[in-house]
Amino acid sequence: MSHTAHIPSHRKPRQSASKTALRAGVAGGVLSTIAVAGAAGPAQAEPVTQTIEMPTITAGLSTTVAASAQATQQVALDLETRANEEAAATDAAKKAKKSKAEAVRKAEAKKKAEAEAKAKAEAAERASRTAARTTLSAPSGSSSSSSGSTAASASTVSYSSSATGSAASVVAFVQSHVGDAYVSGGTGPNSWDCSGLVQAAFRTVGVDLPRVSQSQSTAGTQVSLSNLQPGDILYWGGAGSAYHVGVYVGGGQFVGAQNSSTGVVQRSLDYDPPSGAVRVL
């Protein structure tokens, strides 16, 4: 083929002038926009090397929110504190009420126990006195006749004491009541217990003795049983803890309110020797 031969061209056909102008206009607008944006930005833009956080809404609003949250938390704390205080007060009141009730119960139980102990002690003391007086009043022989006992009583009552003055008055008083009934706690005029009779006898001469035998056994000067005088107080048991008392009337005999079986009797000291004696007159 000749080098001058016609070779078809593969280039695109040229666009028309109108299309070229349109494209040129569009490109120009884009470039203008880029130019304007570049002019508004910094002269030399640096590449982004870190993430920038968005700023808070406003400083005032943040402060208000924080203050509101703190106030809400304080109110919650106050309510919790008040609830705890009320619960503690209620619990303390319940405990105080329970403690008071327990103290009252214990006091009542103690009082009851003391009363029962006192009653038992008094009953034991009465039983002891009764037993002792029964022993004192028991017959000295294995057997005796009624007529013999009556004669013995008559002979003892008919004994004439050698006492004088106040002692004679005391002796006369107790002998005048021989045969009266014995009653626990009796103070006359026709029934007696041992200390009630002794107290009444000495009252006739202006001497005010204690009421019970324990105290009467230490009411005067202690004297020997070998040196007794009419009007001396005899006691059985220890001084200060005697369970029975009587009056020495002379001639080795005494008068005393023994027990409910015998009443007031006059007996010989040999029948049941006393533990001791005190002299009041």
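Start at 1 with the first residue, then count along the sequence. These values consider heavy atoms only, across backbone and side chains, with no hydrogens, waters or symmetry-generated copies.
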Self-check item: Ser213 side chain to Ala242 backbone, donor-acceptor under 3.5 Å
Solution: yes
Quiz item: Any donor and acceptor pair, going by atom type alone, linking the side chain of Asp232 with main-chain N or O of Arg279 inside 3.5 Å?
Solution: no
Self-check item: Val223 and Asn227, any side-chain heavy atoms less than 4.5 Å apart
Solution: no
Practice problem: Over all heavy atoms of both residues, which pair between Pro273 and Asp270 is shortest? Give the atoms and the distance, please. | Solution: CD-O, 4.1 Å
Quiz item: Is Val174 reachable from Val207 through a run of hydrophobic residues whose side-chain heavy atoms are each under 4.5 Å from the next?
Solution: yes
Quiz item: Taking the side chain as C-beta and beyond, is there a heavy-atom pair between Val205 and Phe173 under 4.5 Å?
Solution: no
Quiz item: Under 3.5 Å, is there a donor-acceptor pair between the side chain of Ser195 and the main chain of Arg211?
Solution: yes
Self-check item: Salt-bridge criterion met for Asp91 and Lys95 (N-O under 4.0 Å)
Solution: yes
Self-check item: From Thr204 atom OG1 to Gln199 atom CD, the distance as rounded to the nearest 0.5 Å
Solution: 11.5 Å
Self-check item: Val264 side chain reached by Gln258 side chain, heavy atoms, under 4.5 Å
Solution: no
Quiz item: Between Ala277 and Leu234, what is the shortest heavy-atom contact and its length?
Solution: CB-CD2, 3.8 Å
Quiz item: Taking atom OG of Ser217 and atom NE2 of His244, what is their separation to the nearest 0.5 Å?
Solution: 12.5 Å
Quiz item: Can you check whether Arg267 reaches Thr262 side chain to side chain, under 4.5 Å on heavy atoms?
Solution: yes
Quiz item: Hey, what do you get for CG (Asp180) to CG (Leu197), rounding to the nearest 0.5 Å?
Solution: 8.0 Å
Exercise. Working to the nearest 0.5 Å, report the span between OG1 of Thr72 and CG of Leu77.
Key: 11.0 Å
Self-check item: Any side-chain donor near an acceptor of the partner, Gln175 and Gln266, under 3.5 Å
Solution: yes
Quiz item: Do Leu281 and Phe202 come close enough that some side-chain heavy atom pair is under 4.5 Å?
Solution: yes
Practice problem: To the nearest 0.5 angstrom, please state how far the CD atom of Gln222 sits from the CD1 atom of Ile233. | Solution: 10.5 Å
Quiz prompt | Contact summary for Val171 and Gly231, nearest pair of heavy atoms | solution = CG2-N, 3.9 Å
Exercise. Would you name the heavy atoms of Gly250 and Pro230 that are closest together and state the gap between them?
Key: CA-CG, 4.1 Å
Quiz item: Taking atom CD of Gln253 and atom CG of Leu269, what is their separation to the nearest 0.5 Å?
Solution: 8.0 Å
Quiz item: Salt bridge check: are Arg105 and Glu102 linked by an N-O gap of less than 4.0 Å?
Solution: yes
Quiz item: Which heavy atom in Thr187 sits nearest to a heavy atom in Trp192, and how many Å separate them?
Solution: O-CZ3, 3.2 Å
Quiz item: Is there a side-chain contact between Val278 and Thr218, using heavy atoms and a 4.5 Å cut-off?
Solution: no
Practice problem: Before giving the answer on side-chain contact (heavy atoms from CB on, under 4.5 Å), spell out for Glu108 and Val104 the whole-Å C-alpha distance, their side-chain angles and the decisive distance to 0.1 Å. | Solution: CA-CA 6 Å; Glu108 292 177 349; Val104 171; 3.6 Å; yes
Quiz item: Side-chain contact, heavy-atom cut-off 4.5 Å: Tyr235 with Ser275?
Solution: yes
